[in-house]
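Comments concern the structure below.
Just so you know, ligand 1 is whichever comes first in the structure, and atom 1 is the first atom listed for that ligand.
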Amino acid sequence: MQQTTCYTRGGSAWIPNYIESIDVEKCLGCGRCYKVCSRTVLELIEKPFEGEDEYGDDMGNKVMSVANPDDCIGCGACAKICTKKCHLHTAMV
Ligand code: SF4
Ligand code: SF4
């Protein structure tokens, strides 16, 4: 396991943070992270559980999943757009 160092166009170093997992218990299935990901890493799937959220509302039937982790470039856009902070990232490859 090691870190990858990338460089901006201007030559500044930055460390990519690759997607590791999504917390399906927090995910709303809103699809925002899917829309901002440029690498087809994420996919909406059927929720692996049923239930109600803390307000007693039906939690819907979809959650986001990491379908193609090897295509992630570690940009962090998915985590930035998520209001529920569902994404776990790692700098290690
Ligand atoms: S943005 Fe967050 S809450 Fe919405 S689908 Fe993605 S992980 Fe789930
Ligand atoms: S870190 Fe970037 S490339 Fe990876 S899943 Fe999130 S939005 Fe897609």
Between atom CD1 of I73 and atom CD1 of I19, what is the distance when rounded to the nearest 0.5 Å?
-> 12.5 Å

All heavy atoms of M64 vs all of C33, minimum pair found to be CG-SG, 3.5 Å

Got [X] and [Y] here, is their nearest side-chain heavy-atom distance under 4.5 Å?
X	Y	answer
R32	T83	yes
T4	C6	yes
M92	Q3	yes

Could you list which atoms of ligand 2 come closer than 4.0 Å to a heavy atom of [X]?
X	answer
I73	3 (S)
V41	5 (S)
C37	3 (S), 5 (S), 7 (S), 8 (Fe)

Can you list the ligand 1 atoms lying under 4.0 Å from a non-hydrogen atom of C86?
->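 Those atoms are 2 (Fe), 7 (S).
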
Of all the atoms in C27, is at least one N, O or S atom closer to atom 4 (Fe) of ligand 1 than 2.8 Å?
->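 No, since none of the N, O or S atoms of C27 sits under 2.8 Å from atom 4 (Fe) of ligand 1.
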
What residue and heavy atom of the protein are closest to [atom], and at what distance?
atom	value
atom 2 (Fe) of ligand 1	C82 SG, 2.4 Å
atom 4 (Fe) of ligand 1	C30 SG, 2.2 Å
atom 3 (S) of ligand 1	L28 N, 3.3 Å
atom 1 (S) of ligand 2	G76 N, 3.2 Å
atom 6 (Fe) of ligand 1	C33 SG, 2.3 Å

Looking only at heavy atoms, is any part of H87 under 4.0 Å from ligand 1, and if so is it the side chain, the backbone, or both, or is it neither?
-> side chain

Transitively linked via ILVMFWY side-chain contacts under 4.5 Å: I22 with L44?
-> yes

Single-linkage hydrophobic cluster V24~I45, side-chain heavy atoms < 4.5 angstrom | yes

Taking 2.8 Å as the cut-off, does an N/O/S atom of C78 lie below it from atom 8 (Fe) of ligand 2?
-> no

Is there an N/O/S atom in C75 at a distance below 2.8 Å from atom 4 (Fe) of ligand 2?
-> no

Check each of P16, S21, C78 against H89 using the side-chain contact (heavy atoms from CB on, under 4.5 Å) test, and report the only one that passes.
->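 Passing option: C78.
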
Among V93, V66, V41, which residue meets the side-chain contact (heavy atoms from CB on, under 4.5 Å) test with Y18?
->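 Running side-chain contact (heavy atoms from CB on, under 4.5 Å) over V93, V66, V41 with Y18 returns exactly one hit, V93.
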
